[in-house]
Novice: 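This is the structure I want to talk about, given as structure tokens.
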Amino acid sequence: MSKVRIGVLKEAPERKLTVLTPAGVERLKGKADVLVQRNAGGAAGFTKAAYEAAGAKLADTEEELLEGSDIILSYGHRDFRGSYNGQKTFIGIYNFLWEPHKVDLYLQPGINVHSLDLIPRTTLAQSMDVLSSIGSISGYQAVLLAAERSLATVPMITSAGGTLRPARFLIMGAGVAGLQAIATARRLGAVVKAYDVRKASKEEVESLGATFIEVEGATDDRNAGGYATTQTEEYMKRVHERLLEETAAADVIITTARIPGKKAPLLVTKEMVMGMKPGAVVVDLAAATGGNCAFTEPDQVVIKDEVTILGPTAIESSCGYSTSFLLSNNYVAFLEYLLKHQENLAQDPILSATLVVQDGKLVNERLMALKAPAN
Ligand code: NAD
């Protein structure tokens, strides 16, 4: 029986990573033939020679890659409408919950699509959890970005000229990215406080040596799969009052609060920014889904009253080698699982959760519940 043919697309230039490294190609040996678009890993530090040594073949163009693959891997979308026939499975991190109309790119007979941001947060699926990989790198990188932008040093420094006090970091949203931001800021010597709507995060925050800011009255949705849910207006008002004081004292704020498929909650209001210290920095990791700060502009540097607000939407690309390493392991784990369980696409808990399009039709219930895709 011929082996399945897996193709790896080169990402857009701003995304300096790949979802399958040469080590990933090695892991698939014996199970699949791998075709890699020329220079697909170049921006992340993986050479053509390394891919070839791992057993991959190279494709010169997207068309050649598409033609020679049954399963096509990428991070982002590519518009291939009308340029192929037959059975293809696309696997990516397509973020359809935020951009449901993008499903239209795949509504063609013979096409299956799995979006890995829909992987359930279960123990069985942990090795495939791309959002955790991206979150960890983003949280780490956000601290470095803030430290670089800040006018003051992060750790306490005692020197001949006097003593510099440690920077105060405030982390909002203590999920995967937030916890990694706390750990990184602590390693740099910052004094860290954190806030999350999920009470369950208190223990994790404290175990990293940060102070948890508690605001009573949050709505906890046990059916949200470990994620947060939209909060009442009254609760958000209480949060605002409590955080006014905390934001005024902070040198750096890193926000990571997101709600799957919804606009990110507004946590850092205009009033808060106006009350912050001159030279303070806000890094808003929710910029791609509306932002947690009132002044955030995606991928722009905004300066308001001498406070710098950054809204990077692909911060994980700034350490493309490490991000690719993690994502490649996630993709290989998913591919191995898919090849083993593909007869059971609609019933399997992991495959059915990630399956968005089957034979050219939208089949994902979470997506169907959102507004219908635009034509
Ligand atoms: P996320 O990226 O969706 O959100 C980031 C954080 O923002 C979350 O902690 C969320 O509670 C918080 N948030 C949302 N609205 C907020 C508001 N109004 N105010 C303050 N904070 C707000 O979440 P995530 O980082 O991907 O993780 C979500 C959960 O999933 C966590 O409990 C995490 O531990 C869990 N998780 C489980 C697994 C697994 O079991 N395999 C893997 C990864 C994450």
Side-chain angles (χ1 to χ4, degrees), residues 93 95 97-98 116-140 142 170-183 193-208 210 212-243 246-247 253-269 272 283-294 313 315-316 326-327 329-330 333-334 337 349-350 353-354 366:
I93 306 172
N95 206 9
L97 291 182
W98 182 246
L116 300 192
D117 49 308
L118 300 174
I119 292 266
R121 267 36 220 284
T122 57
T123 308
L124 183 62
Q126 210 154 18
S127 59
M128 313 169 202
D129 192 344
V130 293
L131 290 187
S132 288
S133 297
I134 295 167
S136 299
I137 299 281
S138 305
Y140 158 81
L170 174 59
I171 315 292
M172 298 193 190
V176 180
L179 291 173
Q180 191 55 241
I182 295 171
K193 287 191 177 185
Y195 158 70
D196 197 295
V197 76
R198 288 179 306 106
K199 261 207 172 147
S201 63
K202 178 177 177 351
E203 207 176 315
E204 292 164 321
V205 166
E206 289 175 346
S207 78
L208 291 169
F212 188 72
I213 301 168
E214 258 174 273
V215 184
E216 290 299 325
T219 310
D220 229 350
D221 182 357
R222 286 176 195 284
N223 298 320
Y227 287 108
T229 188
T230 307
Q231 300 298 313
T232 62
E233 225 171 275
E234 192 197 331
Y235 174 77
M236 289 308 284
K237 220 170 123 203
R238 213 174 304 158
V239 170
H240 180 256
E241 279 160 21
R242 177 77 173 79
L243 291 184
E246 302 290 352
T247 49
I253 298 178
I254 293 173
T255 68
T256 75
R258 292 184 307 181
I259 298 164
K262 304 233 166 82
K263 189 176 180 307
L266 176 64
L267 295 177
V268 183
T269 60
M272 287 180 193
V283 179
D284 187 346
L285 291 185
T289 53
N292 294 139
C293 173
T313 61
I315 195 170
E316 71 279 8
L326 299 179
L327 290 180
N329 285 337
N330 297 142
F334 182 79
Y337 190 90
I350 297 175
T354 58
R366 282 176 81 187

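All of these numbers come straight from a predicted model, not from anything done at the bench. Counting starts at 1 for both ligands and their atoms, in listed order.
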Novice: Would you say L131 touches ligand 1, if touching means a heavy atom closer than 4.0 Å?
Specialist: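 No, L131 has no heavy atom closer than 4.0 Å to ligand 1.
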Novice: How far apart are the closest heavy atoms of L118 and A353, and which atoms are they?
Specialist: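 Smallest interatomic distance, heavy atoms only, reads CB-O, 3.4 Å.
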Novice: With the threshold set at under 4.0 angstrom, would you say S201 reaches ligand 1 through any of its heavy atoms?
Specialist: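 In this structure, S201 fails to qualify as a contact of ligand 1 - no heavy atom is under 4.0 Å.
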Novice: Salt bridge check: are E234 and R238 linked by an N-O gap of less than 4.0 Å?
Specialist: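 The answer is yes: the pair qualifies as a salt bridge.
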Novice: Among L285, V176, V283, L267, whose side-chain contact (heavy atoms from CB on, under 4.5 Å) with T256 holds?
Specialist: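 Only one option passes, and that is L285.
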Novice: For ligand 1, indicate whether the residue V239 contacts it via side chain, backbone, both or neither (heavy-atom separation under 4.0 Å).
Specialist: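 Looking at V239 and ligand 1, no heavy atom falls under 4.0 Å.
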Novice: Is the backbone N or O of S127 less than 3.5 Å from a side-chain atom of N330, with the two atoms forming a donor-acceptor pair by type?
Specialist: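 A pair under 3.5 Å: yes.
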Novice: Out of all atoms in ligand 1, which are within 4.0 Å of some heavy atom of P265? Include the element for each.
Specialist: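 The list of qualifying atoms is 15 (N), 16 (C), 17 (C), 18 (N).
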Novice: Under 4.0 Å from ligand 1, counting heavy atoms only, is it the side chain of T122, its backbone, both or neither?
Specialist: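 It is the backbone that touches ligand 1; the side chain stays farther off.
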Novice: How far does NZ of K263 sit from CH2 of W98, to the nearest 0.5 angstrom?
Specialist: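 It comes to 6.5 Å.
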Novice: Checking the N or O distance criterion of under 3.5 Å, is ligand 1 in contact with E204?
Specialist: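 N/O-N/O distance under 3.5 Å: no.
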Novice: For A257, which part has a heavy atom under 4.0 Å from ligand 1: side chain, backbone, both, or neither?
Specialist: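 A257 to ligand 1: contacts from backbone and side chain alike.
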Novice: Any nitrogen or oxygen of G175, main chain or side chain, under 3.5 Å from a nitrogen or oxygen of ligand 1?
Specialist: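 Yes, since at least one N or O of G175 sits under 3.5 Å from an N or O of ligand 1.
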Novice: In this structure, does ligand 1 have an atom that sits under 4.0 Å from one of the heavy atoms of S132?
Specialist: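 Yes, S132 has a heavy atom closer than 4.0 Å to ligand 1.
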Novice: Can you check which of V176, I119, D196 brings a heavy atom nearest to atom 6 (C) of ligand 1?
Specialist: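 Answer by nearest heavy atom: D196.
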Novice: What pair of heavy atoms forms the shortest contact from M236 to P265, and how long is it?
Specialist: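 Scanning both residues completely, I find the closest heavy atoms to be CE-CB, 4.3 Å.
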Novice: Closest heavy-atom contact between L116 and V130?
Specialist: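 Taking L116 first and V130 second, the nearest heavy atoms are O-CG2, 3.3 Å.
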Novice: I'd like to check whether R258 has a polar contact with ligand 1, where a contact means an N/O of the residue lying under 3.5 Å from an N/O of the ligand.
Specialist: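 Between R258 and ligand 1, an N or O pair is found under 3.5 Å apart.
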